[in-house]
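Inspection log for the structure reproduced underneath, given as structure tokens.
Computed from a prediction, not measured in an experiment: that's the story for all the values here.
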Amino acid sequence: MSRTLVELLQAGLPAEAVLTDPDVTASYAHDMASFCEAGDPAVVVLPRTVEQVQHVMRTATELRVPVVPQGARTGLSGAANASDGCIVLSLVKMDRILEISPVDRIAVVEPGVVNAALSRAVGEHGLYYPPDPSSWETCTIGGNIGTASGGLCCVKYGVTAEYVLGLDVVLADGRLMSTGRRTAKGVAGYDLTRLFVGSEGSLGIVVRAVLALKPQPPQQLVLAAEFPSVRAACDAVCTIMEGGHVPSLLELMDRTTVKAVNALAQMGLPETTEALLLAAFDTPDPAADLAAVGALCEAAGATQVVPAEDATESEMLLQARRLSLSALEAIKGSTMIDDVCVPRSKLAEMLEGVERIGEKYGLTVGVCAHAGDGNTHPTVCFDATDPDEGRRARESFDEIMALGLELGGTITGEHGVGVLKKEWLAREIGPVGVEMQQAVKAAFDPHSLLNPGKLF
């Protein structure tokens, strides 16, 4: 009689790394996304070494058991959701920063390192790791790589993919593969590193990453501009970018979001505004840059422009923006957070369309956006205990994605596809695109054991 799954796992893992209590394993079943099915895992494992991850994958392949890799489960697409009978492979215990090199401007880390912990560690060396998702205090680098996360800084510094130079990956059969480089340049062979970034754990398990760093920039200053309409605010965004300015942050909050943040945290934001635009610069003379952008905002119709006087005021404004999603969730208790990215030139049409969709379905839809790169987060607020509201929330969510594609955009700028958007991925990339991506999946994971049911 063959040994059971748990017995085989325990043969190569410490006893405390294998969790089988159903009450405990159930807590690993899903991430933070709404409307995403999740199954019951057979077991949760928490390895601490590469060799232990290899043992898990060899066991899974031998028994043909699916494996769902997880980080902090702060994702918003269901990409970390368990499937029935799977092994949940939680990588949060692999949390060491292995190297920081100021000369090479790289960090080598394990996947369970928390984003904020890495940022603080490299800051002690005068370096900067730019990607900063809203959940940066809890989300992990492995999860950021899996979903190609973004953040507030993307308008200037780009998303996670821009900073991943090389990876160590455990493949489905347990083999260890290294991709990429740790040099400033390198173009040898196919770019498999980029292939893994955003693959949501469907091609292999990232166990080590070489990340590019930048010199620590000066302290940024923030400006807040009030507008009488979202179109005027979006016109200002277009004018700022067309003028060659390079803000470190360019964020938009609509009136619904502003009111929600005030209700949650009494931030004192101006509730008479239809749209609040936050712009920041981390240049040697940020005050001069803010003055130039402030003039452009006024020319676009801003009713008030208020530059922060110091870092403390700047941080208060950024904290208001970071509270946006929590504040919108507090309106009805549940949210569906969309992640549609459109060309900047279509930003006003996107936001006006979202408002029409909210009115059509009788729902509150607040929008906060990384306006500088066209990445919008329309957030549908609804009562999850009301079946009709739940239906309308899902239908409005789909209409928002359809609008984004119609405007030449994409269904996700930084949250990933997961379970939530896999039907829409097929619509975006088309049947030939799906066929080729499935062929890539089959090459790396011929038995379809890695994160099944995600993406496709």
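Qualifying salt bridge (charged side-chain N to carboxylate O under 4.0 Å, His left out) partners for Asp338, counting only residues two or more places apart in sequence or in other chains: Lys421. Ser314 is linked by a side-chain contact (heavy atoms from CB on, under 4.5 Å) to Leu221, Val222, Ala308, counting only residues two or more places apart in sequence or in another chain. For Arg48, the side-chain contact (heavy atoms from CB on, under 4.5 Å) partners at least two apart in sequence or on another chain are Gln52, Lys93. Asp191 pairs by the salt bridge (charged side-chain N to carboxylate O under 4.0 Å, His left out) definition with nothing, not counting sequence neighbours. Listed by chain and residue number, nothing satisfies the salt bridge (charged side-chain N to carboxylate O under 4.0 Å, His left out) test with Lys454 (two or more places apart in sequence, or in another chain). In this structure, the ring pair (Phe, Tyr, Trp, His ring centres under 6.0 Å) partners of Phe382, at least two apart in sequence or on a different chain, are Phe35. Legend: residues meeting ring pair (Phe, Tyr, Trp, His ring centres under 6.0 Å) with His415, ordered by chain and number and at least two apart, are His377. Every salt bridge (charged side-chain N to carboxylate O under 4.0 Å, His left out) that Asp445 has, sequence neighbours left out, goes to Lys441.
Counting only N and O atoms by type, the side chains of Asn144 and Trp136 include no donor and acceptor under 3.5 Å apart. Using modelled atom types, one finds a donor on one side chain and an acceptor on the other under 3.5 Å when comparing Asn262 with Glu271. Side-chain atoms of His370 and Glu414 include a donor-acceptor pair closer than 3.5 Å. With hydrogens and angles left out, the side-chain atoms of Asn451 and Ser202 include no donor and acceptor closer than 3.5 Å. A donor-acceptor contact closer than 3.5 angstrom is absent between the side chains of Asp132 and Asn115.
The residues Glu162 and Arg194 are annotated as salt-bridged, a charged nitrogen and a carboxylate oxygen being separated by less than 4.0 angstrom. Remark: Arg322 engages Glu315 in a salt bridge, criterion side-chain N to carboxylate O under 4.0 Å. Checked for salt-bridge contact, Arg120 and Glu124 miss the test: no charged N lies under 4.0 Å from a carboxylate O.
Around CD of Gln319, the count of heavy atoms belonging to other residues, nucleotides or ligands within 6.0 Å exceeds 12. Within a 6.0 Å radius of CD in Gln266, other residues, nucleotides and ligands contribute more than 12 heavy atoms. Heavy-atom contacts from other residues, nucleotides or ligands closer than 6.0 Å to CZ of Arg175 number 12 or fewer. For CE of Met32, the number of neighbouring non-hydrogen atoms (other residues, nucleotides, ligands) closer than 6.0 Å is 12 at most. Other residues, nucleotides and ligands contribute only 12 or fewer heavy atoms inside 6.0 Å of the CE atom of Met436.
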Donor-acceptor contacts under 3.5 Å from residues 276-300 side chains, at least two apart:
unit_1: Asp282; atom_1: OD1; unit_2: Lys156; atom_2: NZ; d: 2.6
unit_1: Asp282; atom_1: OD2; unit_2: Tyr157; atom_2: OH; d: 2.6
unit_1: Thr283; atom_1: OG1; unit_2: Asp289; atom_2: OD2; d: 2.5

Side-chain donor-acceptor distances from residues 349-356 under 3.5 Å, at least two apart:
unit_1: Glu352; atom_1: OE1; unit_2: Arg231; atom_2: NH2; d: 2.9
unit_1: Glu352; atom_1: OE2; unit_2: Arg231; atom_2: NE; d: 2.9
unit_1: Glu355; atom_1: OE2; unit_2: Arg255; atom_2: NH2; d: 3.1

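With a 4.5 Å cut-off on side-chain heavy atoms, Pro133 and Leu152 do not count as touching. Within the 4.5 Å cutoff, the side chain of Asp95 has no heavy atoms near those of the Val114 side chain. Annotation: side chain of Thr379 is in contact with side chain of Leu325 (closest heavy-atom distance under 4.5 Å). Counting only heavy atoms from C-beta outward, the side chains of Val56 and Ile87 approach each other to under 4.5 Å.
Not one N or O on the side chain of Arg96 forms a donor-acceptor pair closer than 3.5 Å with the backbone of Leu98. In this structure, Thr376 contributes its side chain and Pro378 its backbone to no donor-acceptor pair below 3.5 Å.
The side-chain hydrogen bond (donor to acceptor under 3.5 Å, both in side chains) pairs that include a residue from residues 206-225 are Gln220-Ser248, where partners are two or more places apart or lie in different chains. Residue pairs satisfying the ring pair (Phe, Tyr, Trp, His ring centres under 6.0 Å) criterion with at least one member in residues 196-235, sequence neighbours excluded, are listed as follows: Phe196-Phe444.
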